[in-house]
Structure formats: structure tokens, C-alpha cells
Amino acid sequence: MAEAADFQGTSASPARRWLRRAGTLLAGAPLLAGLLQLPAAGPAQADSSGTVSVSLDSLSPSAPTDGDTVTVSGTVTNNGKQAVTDAHVGLRVGPELTSRSEIDSVARHSDEPQSGTGTEVGDKYEEKFDKLAPGVAEHFTISVPVDKLDLGDDGVYEFDVTLSGQTSAQAWDQVLGIQRTFLPWQQSEADTKTKTSFLWPLISTAHLTAKTGAGELQTPEFLDDELAKELAPGGRLAQMVDLGKDLDVTWVIDPDLLASVDAMAAGNYRLQGADGTSTPGPREHQAIAKQWLAALQKAVAGNEVVALPFGDPDLASLAHNGTSVTGSLSHLKDATDVAAITVKTVLHVTPSTDFAWPVDGAVDPSIMKVATSAGADRVIARSDSLQETGGLPYTPSAARPVGGGTTAVVADARLSTAFEGDLTKAGAATLAVQRFLAQSLALNAQTDKQRSIVVAPQRMPTASQAQAMATALKALQGGTWSQSQDLSAAAKDKPDPGATTRIPPRSAYPSSLRRQELPRAVFDQIARTQDKLDNFRVILSDQSRVVTPFGRAINREMSTSWRGRRGEAVGYRDGVEAWIDDLTEQVKLIDKSETKLSGRSATIPVTVQNNLVQPVGHLVLRLTSTMPTRLKIGGKAYDEQPVEVSGGHSQSVKFTTSANANGRVTVLAQLYTEDGQPYGDAVSFDVKVTEVTPTVMLVIGGGVLLLVLAGFRMYTQRKRAAARRADEDGPGTAGEDTGEPGNPEAPGDRLPEESDSTPGADGPEQPSDPAPDTAPESADPSGTGERVDR
């Protein structure tokens with residue numbers, strides 16, 4: 001593999017120097033004493049291995065040149081149970097390392113005392129300690145002119161810091177602790193310089209939820225306040241910007257991070273609470289966010305900016321588990337489309353969006369296919385995935401045409417992984433820097449052919465990792481064997497004809513990465529949430545208020561940052577889906593109780609409630625009778641009416657019904673979108689029909705007729721009785737002789753039926769007489785036959 005290719009040519013001078021140093025060591029000790037000590041030296045060396053730990057906290061300059069003075073500092077700690085006496089810290093220059101694999105070997109055994117260490121530089125350049133007590137750490141600093149190190153030709157040298165001394169059990173001078181590192185040595189400008197592209201990633205986890213406030217500004221809601229901590233001075237993202245501004249790097253940015261910081265900079269955001277409530281975000285964080293954005297705008301000026309798809313989607317998970325779920329690839333396309341707009345809006349620069357970056361640069365055919373499906377024609381791979389099989393004796397350039405107009409930009413694995421792990425301790429960071437520089441110089445020395453090398457570090461470096469990266473880059477960019485180059489330039493460089501272009505099969509994808517992938521169930525849930533969003537959006541008058549925050553939240557659900565955080569990922573997705581459900585339920589039908597109809601026809605009102613702040617429409621309300629033979633809606637089994645409701649209001653929709661028979665009928669009310677999709681839950685209620693039938697009408701009519709006939713009979717009988725009394729009195733009764741013709745009759749003698757108070761000619765009304773069978777006719781116009789609404 002070219003990744004592990006060794007520089008084949010070696011000069012004789014390193015070997016001669018090694019022999020000279022060994023000869024000097026032998027000449028400086030009496031032969032007899034050496035022979036006497038040899039039998040005991042072997043086991044003593046083994047027994048004392050690791051007795052004292054040596055930490056190399058700093059080495060400056062990291063890559064010295066002629067005239068420099070190398071200064072090393074660190075600490076030595078006695079980890080044994082016995083005190084170490086006559087101790088001193090010394091510097092040793094080992095042999096030149098002529099291949100990248102030799103550098104790896106030394107790094108794997110960096111703290112193991114071995115007999116192959118070089119000779120000490122000299123007594124003048126050491127620091128002595130009379131005694132190292134158990135458990136005690138002592139600090140040291142040693143400076144030595146580079147010309148005293150006896151470095152020969154340009155190359156990478158093993159550079160050791162040792163602690164030598166004696167113990168009561170082993171009373172002779174011996175190496176009790178060691179820290180091996182590397183000293184890159186390039187005296188003058190190299191004839192051919194490696195063109196190096198270093199990616200500087202600005203990526204974070206998901207911080208924004210799908211929730212926004214109901215006001216005009218749509219106040220965003222954050223999961224927590226962790227983003228503010230990263231942006232604050234000393235925070236991870238603050239240091240990434242502060243360190244990166246002085247480096248010649250390609251900025252690789254997740255637009256979601258910019259959108260989240262921009263939302264915080266607006267100053268009107270809320271923080272999600274554990275109980276489902278939210279609280280206002282601290283106002284001082286607005287200033288922090290604004291300051292960070294301003295610093296970033298200055299830092300990226302003049303540098304290349306690559307925008308990843310919004311949310312940094314997990315391409316491998318999508319390729320392996322998501323493509324079989326309908327609509328999954330459309331989310332990647334949407335995330336790519338919005339990326340450039342977001343970066344340009346926030347940073348005022350036009351980014352490159354034609355790069356895809358799978359996790360750890362691991363690729364297979366399905367990942368390549370998905371990565372390029374959204375328009376990216378350059379995929380950032382890594383050399384431990386796209387391994388060399390052509391036997392090249394050097395590491396080839398990054399660009400590899402892999403067919404279909406796609407270029408694999410292969411990052412160097414050794415350089416890209418140099419800053420992983422815990423670098424919070426100064427010793428670990430120093431070793432990482434020296435190893436990175438050593439690998440870079442060894443790579444440059446492999447051939448006189450100029451190459452373009454890409455370094456793609458971990459996506460989210462810690463603050464300490466970022467500091468180590470910056471230290472190494474400053475040394476590299478100020479050194480003599482490398483020159484900076486943008487990522488796009490590296491992708492366009494002429495590829496090496498001997499470099500492999502074969503994408504590894506799917507079976508070669510690392511199992512450790514596969515275990516962290518998002519499963520298919522994730523994409524099923526994303527599809528379900530998207531369906532709910534599509535069904536909801538069609539009823540809205542202002543779709544952007546919902547589509548934008550939910551669309552970005554769905555992008556975040558596919559983020560690479562969820563790897564290793566399965567519980568948090570589940571909680572985030574469930575929260576997004578629950579929120580779309582809650583919003584959908586704000587437009588609903590009001591439950592109805594039983595309705596009674598006491599006639600052949602009536603209207604039934606159904607109420608639609610809209611608790612959203614915006615009007616809704618494009619809805620159809622359908623009312624269906626489960627027994628249309630008994631009760632019809634609008635003359636048929638069901639009827640539909642369009643619905644439009646203002647924000648925060650309710651509207652009653654009335655349906656005309658007709659009953660054919662008495663009894664109870666269940667009626668279903670259901671909202672539908674205009675394309676026929678059910679919206680929300682249906683509401684069912686019973687309608688009790690109590691219609692007046694023709695038989696009942698005949699009975700009532702017969703009763704009324706009998707009453708009329710009875711009254712007529714009583715009337716005729718009274719008329720006949722009055723006539724008989726008149727006949728019995730005779731015609732002369734009225735004019736009897738009283739002595740005075742024309743004498744008027746006495747007042748009390750008038751017949752009752754002749755009284756002035758008689759209401760009619762037929763005589764006075766009696767208490768037993770029936771009341772009139774009809775009311776007096778009104779002069780008002782007759783009614784129109786009102787129907788009672790239930």
C-alpha cells in the first residue's frame with residue numbers, strides 16, 4: 001500500500017553516525033567494568049522498565065533548522081517504591097527513520113526502555129536530580145543548540161528524553177524511564193514540496209428543535225444551552241475559530257451550526273425544559289453568538305469554505321439502511337440545496353457544495369452512489385479505506401477518478417488520525433504534533449514527484465485536539481517541505497496513473513463503523529413524520545412557518561453526530577414527531593352529543609376549531625350517515641362542504657338531513673384535505689329520529705273531528721229546546737191586558753235569551769259550554785316552517 005510505503009533509498013551517512021556514536025560509548029568505559037556489568041544489566045533493565053515516567057510537555061521548535069536551539073520541557077515521576085538517586089534527564093538522538101512504517105513502530109513503543117537508544121548529547125545538556133522520591137514529580141527544562149545534536153542529512157530522527165539513575169536494589173546507572181518522539185530535520189527549502197490541504201471542520205451536534213413560537217418572529221426553541229458554552233471564550237467552537245483564523249486551511253462547515261448560532265444571535269430564543277415547558281434563553285448569550293459570528297466572518301475571509309449538506313447527514317447510514325425507504329434520498333437533496341443559501345446568508349461568502357464527506361472517509365459503492373446523488377461529484381475518502389494495491393513506493397496524490405465523473409479525494413490516514421484520542425495532557429499533545437510532522441516530512445522524502453495530500457481530521461475536535469492541530473499546522477506551514485493548498489485545488493490536481501481507483505466492496509466496510517449506523521427504523525420514522533408534515537402543510541395559509549423548521553429538524557434527524565448517542569437520537573426524533581402531531585391536532589372537530597330530530601327534515605351543525613395562529617383552508621368536511629335508508633345527508637348517504645377557519649376561531653358547518661323512519665342513526669364527521677386524505681380524528685354521534693308518521697296524523701285528525709261533531713250536536717240541541725219553550729208560551733203572552741194599553745213590561749221579567757248581555761242570538765254562554773276549537777285567525781303572515789338546529 002502506498003499509505004504504508006517506505007522511502008526506498010537510504011544513504012550511508014546515518015549508519016556511519018550510528019557506528020561512530022556506539023564507538024564513542026565503548027571507548028568511554030573500561031572494558032573490564034563493562035564485562036562485569038553485562039550479566040546484571042540485562043535483568044536490571046527489564047526489572048526497572050517503567051520505574052520512572054517521562055512526560056515531554058513541550059518541544060520547541062517542533063521542526064528546527066540551522067541555527068535553532070531546541071528546548072524541551074516536561075516532568076519525571078518516580079512510580080516505583082524506592083527512591084531514585086544520582087538521577088538526571090538527558091537527551092538522545094537515535095537513528096534516522098527512513099520510512100513511515102518505522103515512525104509508526106517507534107510511536108507504538110514510545111515509553112519502553114530499550115537497548116537501542118542513541119547516545120546522550122552530553123553532560124552539558126542535562127538536568128540532574130540528587131533524589132527522586134516515590135510518587136514525586138519533578139519538572140525539567142533542557143535547551144541544546146541544534147548543531148550539538150549531530151544531525152546529518154535531512155530526514156526524521158528518533159529523539160528520546162530519558163531519566164537515568166540508580167536505586168538501592170540496582171546500584172548502577174541505568175535508563176529508568178524514557179519518552180521517544182521525533183525530530184523532523186529539514187535544513188533548507190526542499191527541492192520539491194508537498195502541497196497539503198488541511199480541513200478545518202466547524203461541526204456540532206443538533207441544538208435546535210422543530211418548535212417555534214406563535215409570534216411574528218417564530219421564536220426558536222433549543223434543546224439546551226450547550227451551544228452557548230461552545231461559543232463562549234475558551235469553548236470548543238470559540239477556539240476553533242480563534243485558532244483557525246491564523247492558518248491556511250479549508251473551512252468545512254455544517255450550515256446547521258450557522259443557522260443555530262444565527263438564531264441565538266437574534267436574542268429571542270427559548271430553552272426546552274424537562275417537563276415540556278420552555279424558558280427564555282439568557283440575554284447575554286446573544287452577545288456571545290454575535291461575537292462568534294463576527295469572528296468567523298473575518299476568519300474565513302480569503303479562505304475556501306466547503307458547505308456540507310445541512311445537518312451533516314450520515315451518508316453511510318443512508319446508503320446501507322435508508323435507500324429502501326421512500327423519500328430518504330430527497331431529504332439529502334433538500335439538505336444540499338439549503339446549504340449554500342444558509343452559508344451565504346450568515347457568512348456572506350459563497351461556499352463550495354460539491355463535496356461529500358462520509359464518516360471517517362470509509363466508502364463502498366453504495367456510499368459513493370448516495371454521496372453523489374444530491375449533486376456532489378467529489379467524495380472525501382481516506383487511504384485506510386481506499387487502499388493502494390498497485391505497489392507504489394510512495395503515497396500518491398489525493399485525487400482519484402473513480403468513474404461517472406466522480407472524484408474520490410483520498411485523505412492520508414496517518415496524518416488525518418494524528419490528533420485523535422485524549423490530548424488534554426501536554427505530553428500527549430506534544431507527541432501528536434511531533435508524530436504528525438514526522439509523517440509529513442517522511443511522506444515528502446519518498447519521491448521527487450510533487451503530490452497533493454489532504455488531511456481530514458475528526459469531525460468535531462475537542463479544544464485540546466484543536467490546539468494540537470493548530471500547533472502542528474503552524475510548524476508545517478512555517479517549515480521547509482510543505483506548501484498550503486485549497487481542497488478544491490487538490491481535487492483538481494492531476495491524478496497519479498498508478499494510484500488505485502477501485503472502490504472497496506461493501507463487505508470491506510469497517511464493522512466498528514457499521515455498529516454505529518442509524519438503523520432502518522430511523523428512516524421509517526423520518527418518512528412517517530414527513531407524511532404527517534405533508535398532510536398538515538396543505539391546509540395552511542402560510543406553509544413556511546411550519547415547513548421550514550420541520551424540514552430542517554428532519555435533516556438533523558439524519559445527522560452523523562448521532563453516532564454513539566442512540567438514546568439522544570431517539571429522544572430528538574420522538575420530539576419532532578410529537579410536535580407535528582400536536583400542531584395537527586390544533587385543527588379539529590368538536591365532539592357532539594346525541595342529536596334529536598322531530599320532523600322529516602332538519603339541519604345538523606358540526607363545529608371545526610382552529611387553535612393555530614394562522615388561517616386554515618383547503619379542507620373538506622364530510623358528514624356520513626351509517627343508515628342512509630333511515631337518515632340521509634343532503635339527500636344521499638353523505639355530504640361534503642369546504643371549510644375555511646380563521647386563526648384562533650371556530651366555525652359551524654350546517655348539513656341538511658332528511659328522515660325516512662324513526663330510530664337512532666350513527667353519523668360520522670371527518671375532515672379531509674382537498675386531495676382526499678383524512679385529516680385528524682373522526683367524530684361520531686347519534687341522531688335520534690322522532691318523525692310524526694301518517695297513521696299518527698289520522699288518529700289526531702279523527703279526534704279533532706269528534707270534538708267538532710260533539711260541539712255541533714250540543715249546539716243544535718240547545719236551539720231546539722229554546723224553540724219549544726217559545727211555542728209553549730203562545731203568541732199572546734207578550735201583549736196581555738194590564739189596564740193600560742202599551743204598559744211596558746217590568747225590568748225583571750225579560751227572558752234570559754233576550755237579555756242585552758247575551759253574546760249571541762242563541763242565548764248566554766254557560767259554564768259547561770266547550771271552548772272554540774280553533775284560535776282566532778291572525779292577520780300576520782304565516783311562518784316559513786323553521787327547522788331546529790341541534
>> Parallel, tilted or perpendicular: which one describes the rings of Trp562 and Tyr572, with boundaries at 30° and 60°?
In response: tilted
>> If you define the side chain from C-beta out and look only at heavy atoms, does anything of Thr624 sit under 4.5 Å from Ile633?
In response: no
>> Evaluate Val538 against His618 for side-chain contact (heavy atoms from CB on, under 4.5 Å), listing each step before the verdict.
In response: CA-CA 7 Å; Val538 298; His618 308 290; 5.5 Å; no
>> For Lys532, is the NZ atom crowded, meaning more than 12 foreign heavy atoms sit under 6.0 Å from it?
In response: yes
> Just by modelled atom types, is the Pro615 backbone N or O under 3.5 Å from a matching donor or acceptor in the Ser541 side chain?
Replying inline: yes
> CG/Leu223 to NZ/Lys211 distance, rounded to the nearest 0.5 angstrom?
Replying inline: 10.5 Å
>> To check you understand the geometry: which heavy-atom pair defines the closest contact between Gly267 and Gln286, and what is its length?
In response: CA-CD, 3.5 Å
> Does the Ser317 side chain pair with the main chain of Leu518, one donor and one acceptor, at a distance under 3.5 Å?
Replying inline: yes
> So Val683 and Ile590, side-chain contact (heavy atoms from CB on, under 4.5 Å) or not? Walk me through it.
Replying inline: CA-CA 8 Å; Val683 168; Ile590 301 300; over 6 Å; no
> Just how far is it from atom CD of Gln467 to atom CD of Gln239, taken to the nearest 0.5 Å?
Replying inline: 4.5 Å
Side-chain donor-acceptor pairs of residues 359-367 under 3.5 Å, sequence neighbours excluded:
residue: Asp364; atom: OD1; partner: Ser366; partner atom: N; Å: 3.1
residue: Asp364; atom: OD1; partner: Ser366; partner atom: OG; Å: 2.7
residue: Asp364; atom: OD1; partner: Ile367; partner atom: N; Å: 2.8
residue: Asp364; atom: OD2; partner: His320; partner atom: NE2; Å: 2.7

>> Does atom CD (Gln291) have a neighbourhood of more than 12 heavy atoms from anything else shown, all under 6.0 Å?
In response: no
> Can you check side-chain contact (heavy atoms from CB on, under 4.5 Å) on Ile554 and Asp334, steps first, answer last?
Replying inline: CA-CA 10 Å; Ile554 289 175; Asp334 182 49; over 6 Å; no
>> Looking at every heavy atom in both Arg563 and Asp314, which two are closest together, and how far apart are they?
In response: NE-OD2, 2.6 Å
> Are the side chain of Gln670 and the backbone N or O of Leu623 linked by a donor-acceptor pair below 3.5 Å?
Replying inline: no
> Are the side chain of Arg573 and the backbone N or O of Thr529 linked by a donor-acceptor pair below 3.5 Å?
Replying inline: no
>> Do Asp422 and Thr424 pair up side chain to side chain, a donor and an acceptor below 3.5 Å, judged on atom types alone?
In response: yes
> So does Arg566 have more than 12 non-hydrogen atoms from other groups sitting under 6.0 Å from CZ?
Replying inline: no
> Cut-off 3.5 Å, side chains only: do Gln525 and Asp574 have a donor facing an acceptor?
Replying inline: yes
> Any idea which heavy atoms bring Ala263 and Leu208 closest together, and the distance?
Replying inline: CB-CD1, 4.3 Å
> Ignoring hydrogens and geometry, is there a side-chain-to-backbone donor-acceptor pair from Gln586 to Asp582 under 3.5 Å?
Replying inline: yes
> At what distance, to the nearest 0.5 angstrom, does OG1 of Thr250 lie from CG of Asn303?
Replying inline: 7.5 Å
> Do the non-hydrogen side-chain atoms of Leu202 and Leu296 ever get within less than 4.5 Å of each other?
Replying inline: yes
> Does some side-chain heavy atom of Lys425 sit less than 4.5 Å from a side-chain heavy atom of Ser464?
Replying inline: no
>> Rounded at 0.5 Å granularity, tell me how far OG1 in Thr196 sits from CG in Leu473.
In response: 9.0 Å
>> side-chain contact (heavy atoms from CB on, under 4.5 Å) for Asp224 and His207? Distances and angles first, verdict last.
In response: CA-CA 7 Å; Asp224 48 45; His207 296 286; 4.2 Å; yes
> Are Arg622 and Tyr638 in a cation-pi contact, defined as NZ or CZ under 6.0 Å from the six-membered ring centre and within 45° of the axis?
Replying inline: yes
>> With a 3.5 Å distance limit and no angle check, can you tell me whether Trp357 reaches the backbone of Asp312 through a side-chain donor-acceptor pair?
In response: no
>> Looking at Ser278, is its backbone amide N or carbonyl O close enough to the side chain of Arg270 to form a donor-acceptor pair, meaning the two atoms are under 3.5 Å apart?
In response: yes
> Is a side-chain donor or acceptor of Ser328 paired with a backbone partner of Gly322 at a separation under 3.5 angstrom?
Replying inline: yes
> Does a side-chain heavy-atom distance below 4.5 Å link Val645 with Val587?
Replying inline: no
>> Tell me whether Asp377 at atom CG has more than 12 heavy atoms from other residues, nucleotides or ligands lying less than 6.0 Å away.
In response: yes
> Is the backbone N or O of Asp542 less than 3.5 Å from a side-chain atom of Gln614, with the two atoms forming a donor-acceptor pair by type?
Replying inline: yes
>> Please check this pair: side chain of Lys592 against backbone of Pro605, looking for a donor-acceptor N/O pair closer than 3.5 Å.
In response: yes
> Is any side-chain heavy atom of Val338 less than 4.5 Å from a side-chain heavy atom of Arg552?
Replying inline: yes
>> So which atom in Val325 and which in Ala527 form the shortest heavy-atom distance, rounded to 0.1 Å?
In response: CG1-CB, 3.8 Å
> Given side chains that start at C-beta, do those of Val608 and Val616 come closer than 4.5 Å, heavy atoms only?
Replying inline: no
> Going by the angle between their ring planes, with limits at 30° and 60°, are Phe198 and Phe436 parallel, tilted or perpendicular?
Replying inline: perpendicular
>> On a heavy-atom basis, which atom in Val410 and which in Val454 lie closest, and how many Å separate them?
In response: O-CB, 4.4 Å
> Are there more than 12 heavy atoms of other residues, nucleotides or ligands under 6.0 Å from atom CD of Glu284?
Replying inline: yes
> Between Asp225 and Lys229, is there a side-chain N and carboxylate O pair less than 4.0 Å apart?
Replying inline: no
> Taking all non-hydrogen atoms of both residues, which atom of Ser488 and which atom of Phe355 are closest, and how far apart?
Replying inline: OG-CE1, 3.7 Å
> After noting the C-alpha distance and the side-chain angles of Asp524 and Arg528, does the key distance pass the salt bridge (charged side-chain N to carboxylate O under 4.0 Å, His left out) rule?
Replying inline: CA-CA 6 Å; Asp524 287 334; Arg528 184 171 66 246; over 6 Å; no
> Would you say the side-chain atoms of Gln272 and Thr209 include a donor-acceptor pair closer than 3.5 Å?
Replying inline: no
> About how many Å separate CG of Asp531 and CD1 of Ile526, when rounded to the nearest 0.5 Å?
Replying inline: 12.0 Å
>> Rounded at 0.5 Å granularity, tell me how far CG in Leu258 sits from CG in Leu293.
In response: 7.0 Å
> Is there a side-chain contact between Lys492 and Arg378 (heavy atoms, below 4.5 Å)?
Replying inline: yes
>> Show, in sequence, the C-alpha distance, side-chain angles and deciding distance for Arg545 and Thr212, and conclude whether the side-chain hydrogen bond (donor to acceptor under 3.5 Å, both in side chains) test is met.
In response: CA-CA 8 Å; Arg545 288 182 62 93; Thr212 57; 5.7 Å; no
> Considering only heavy atoms from C-beta outward, does the side chain of Ser561 approach that of Ser204 to under 4.5 Å?
Replying inline: no
